[in-house]
Amino acid sequence: MIDKRKSWAINTCLNHPEHVKILQGNRPLIQPIYNSAKFTTTSEHPFSEQFIYGRVGNPTTRQLESAISEIQGREDTIIVSSGIAAISQTFLGLLNCGEHMISFRQIYKPARMFIRNHLGRFGIKNTIMSLSHLDQLESKITPETKLIHFESPTNPHLEVADIEAIIKIARKHGVHVSMDGTFGGLHQHKEFDIDVIIQSLTKFGNGHGDIIAGAISGRKELISKIRETSHYFGAHLDPQAAYLIMRGLKTYMIRYKHQCQTAEELARYLSHHPKIKKVMYPGLESHKGHSLARKQMTDMGAIMAFEIDPGVAESAEVFCHKLNLIQLAASVGSTESIICPTLQFFGLDLSTDEREELGINPFTVRLSVGLEDLKDLKEDFDSVLSV
Ligand SMILES: *Cc1c(COP(=O)(O)O)cnc(C)c1O
């Protein structure tokens, strides 16, 4: 090979650089990023066992898939380009034209919008009901129903779904269950027999606010089915991004636990504040889903919602802008604390009655707690609340 290179013109050499040889056993401690979109193949193995093309599989994203399966205690995972891609590909991978799915108003707004405004275009019917009326779930199931999709805890107001109750009804009718577990992080809910777990890795998985990505995990046969569909959506994740998530995951447990601890203390503090009307945090005894949360989760999460007294500011939006350290921004699960008004971000597609039921109003906010010191976060709130 070396000798042949000598006869090549420079542009041939530049386009076929030498591969650096690494002795067996002399492995890099951190696996390299496989940037290659294409892989050469060998006749020694069937094509189906080899990496061929980056949209269909890449060793770096594959490594992330195993890590996510492991932390979630699931058999297999597909990594995709966003949390919402994980949601849409799960639905389109599992549902056929003429079939029906059930979901809840208390889910992430873009997921609700996709179900309401787009599934019908593929002939997939849907029912959206309230998580507060689980007693009505069974009556919504028809012979066409193939999937129940829910979140726990929910975005933005942290309602806790009764996972066992939903699974029980689904099993009785042979319906699959998908759960978006983003708000509870990656390490919780392992013990539940949920068919498909969806995660926005944009949040706690990556954790540093610089990547958008999603994951679909579950039993092998269902994941294979969704994977097959997913190859034709082209929503694969770039290996550079997959690598950064792998790096973020190393500190996932430490970050998550620490963020939960600060969040719990802050939630208690705000719940006793005279200018705060109501705090929605699963770790507070006053939360309507508290006992369920204690049963289903070991960590109560780093996200809360609360309602300010109208005397504090003209609106939640004005309140958020008055804070100094905590920034008004989209998303959750970063190392910085982030706040947003829930009406503008999550409630504009809902009717007045629906908003009222979900507790979304002009004075409610969602807060994602980062890694700042509790003292500084409290001070930031105090500076605006003590007016
Ligand atoms: C953010 C979020 C998503 C969507 O994830 P993206 O990575 O932003 O596409 C889905 N579900 C929940 C609960 C989320 O918070």
Side-chain angles (χ1 to χ4, degrees), residues 61 64 68 72 77-92 103-116 118 128 131 149-161 163 177-186 188-189 194 196-217 230 233-238 241-242 244-245 248-249 252 256 259 263 280 282 289 293 296-297 301-305 329-334 336-342 344-347 349 358 360 365-370:
T61 37
L64 178 58
I68 298 295
Q72 297 212 100
T77 293
I78 309 166
I79 296 296
V80 289
S81 58
S82 69
I84 201 73
I87 291 169
S88 59
Q89 290 183 32
T90 298
F91 296 167
L92 294 171
S103 193
F104 301 90
R105 273 194 278 291
Q106 292 92 337
I107 59 168
Y108 180 58
K109 183 185 166 194
R112 190 168 65 222
M113 303 282 279
F114 181 73
I115 295 171
R116 275 191 169 154
H118 297 281
I128 295 190
L131 194 59
H149 174 78
F150 67 102
E151 264 170 38
S152 192
T154 63
N155 186 359
H157 276 191
L158 290 306
E159 290 189 39
V160 183
I163 303 175
V177 170
S178 60
M179 176 175 125
D180 182 335
T182 302
F183 268 36
L186 293 156
Q188 309 209 68
H189 305 115
I194 301 159
V196 178
I197 298 258
I198 290 164
Q199 287 283 347
S200 166
L201 297 178
T202 312
K203 316 296 166 57
F204 297 98
N206 173 56
H208 294 76
D210 50 7
I211 296 291
I212 300 219
I216 310 164
S217 306
S230 117
F233 279 90
H236 69 287
L237 189 70
D238 186 85
L244 283 176
I245 299 170
L249 281 177
Y252 165 79
Y256 197 87
Q259 284 168 304
M280 290 152 270
Q296 297 182 168
M297 306 199 291
I303 307 163
M304 71 190 78
S331 199
V332 299
S334 275
E336 308 89 11
S337 294
I338 295 168
I339 198 162
C340 69
T342 56
Q344 287 91 336
F345 276 58
F346 304 105
D349 65 312
L358 269 60
I360 295 180
V365 297
R366 183 192 70 186
L367 170 70
S368 171
V369 175

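We count ligands from 1, going down the list as the structure has it; atoms in each ligand are counted the same way.
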Q) Is there at least one pair of N or O atoms, one from G83 and one from ligand 1, spaced under 3.5 Å apart? A) yes

Q: For I84, take its heavy atoms, then give the atoms of ligand 1 lying under 4.0 Å from any of them.
A: 4 (C), 5 (O), 6 (P), 9 (O)

Q.
Using only atom types and a distance under 3.5 Å, with no angle test, would you say the side chain of Q296 pairs donor to acceptor with the backbone of I163?
A. yes

Q: Please report which non-hydrogen protein atom sits nearest to atom 2 (C) of ligand 1, along with the residue it belongs to and the distance in Å to one decimal place.
A: K203 NZ, 2.4 Å

Q) Taking atom types as modelled, is there a side-chain donor on H189 or S152 under 3.5 Å from an acceptor on the other? A) no

(Q) Is the shortest side-chain heavy-atom distance between V332 and F183 below 4.5 Å? (A) yes

(Q) Does the plane of the ring in F91 sit parallel, tilted or perpendicular to the ring in H149? Use 30° and 60° as the thresholds. (A) perpendicular

Q. Among protein heavy atoms, which lies nearest atom 5 (O) of ligand 1, and at what distance?
A. S200 OG, 3.0 Å

**Q.** Min side-chain heavy-atom separation F104-E159 under 4.5 Å
**A.** no

**Q.** Identity and separation of the nearest protein heavy atom to atom 11 (N) of ligand 1
**A.** D180 OD2, 2.5 Å

(Q) Less than 4.5 Å apart, side chain to side chain, heavy atoms only: is that true for L201 and I68? (A) yes

Q) What residue and atom, counting heavy atoms only, is the protein's closest point to atom 8 (O) of ligand 1, and at what distance? A) Y108 OH, 3.9 Å

Q: Compute the shortest N/O to N/O distance between T202 and ligand 1 and return yes if it is under 3.5 Å, no if not.
A: yes

Q) With atoms numbered from 1 as shown, which atoms in ligand 1 lie under 4.0 angstrom from a non-hydrogen atom of A213? A) 7 (O)

Q | F233 and L92, any side-chain heavy atoms less than 4.5 Å apart | A | yes

Q) Polar-atom distance check: F183 versus ligand 1, any N or O pair below 3.5 Å? A) no

Q | Per-atom contacts, ligand 1 versus E151 - under 4.0 Å to a heavy atom | A | 13 (C)

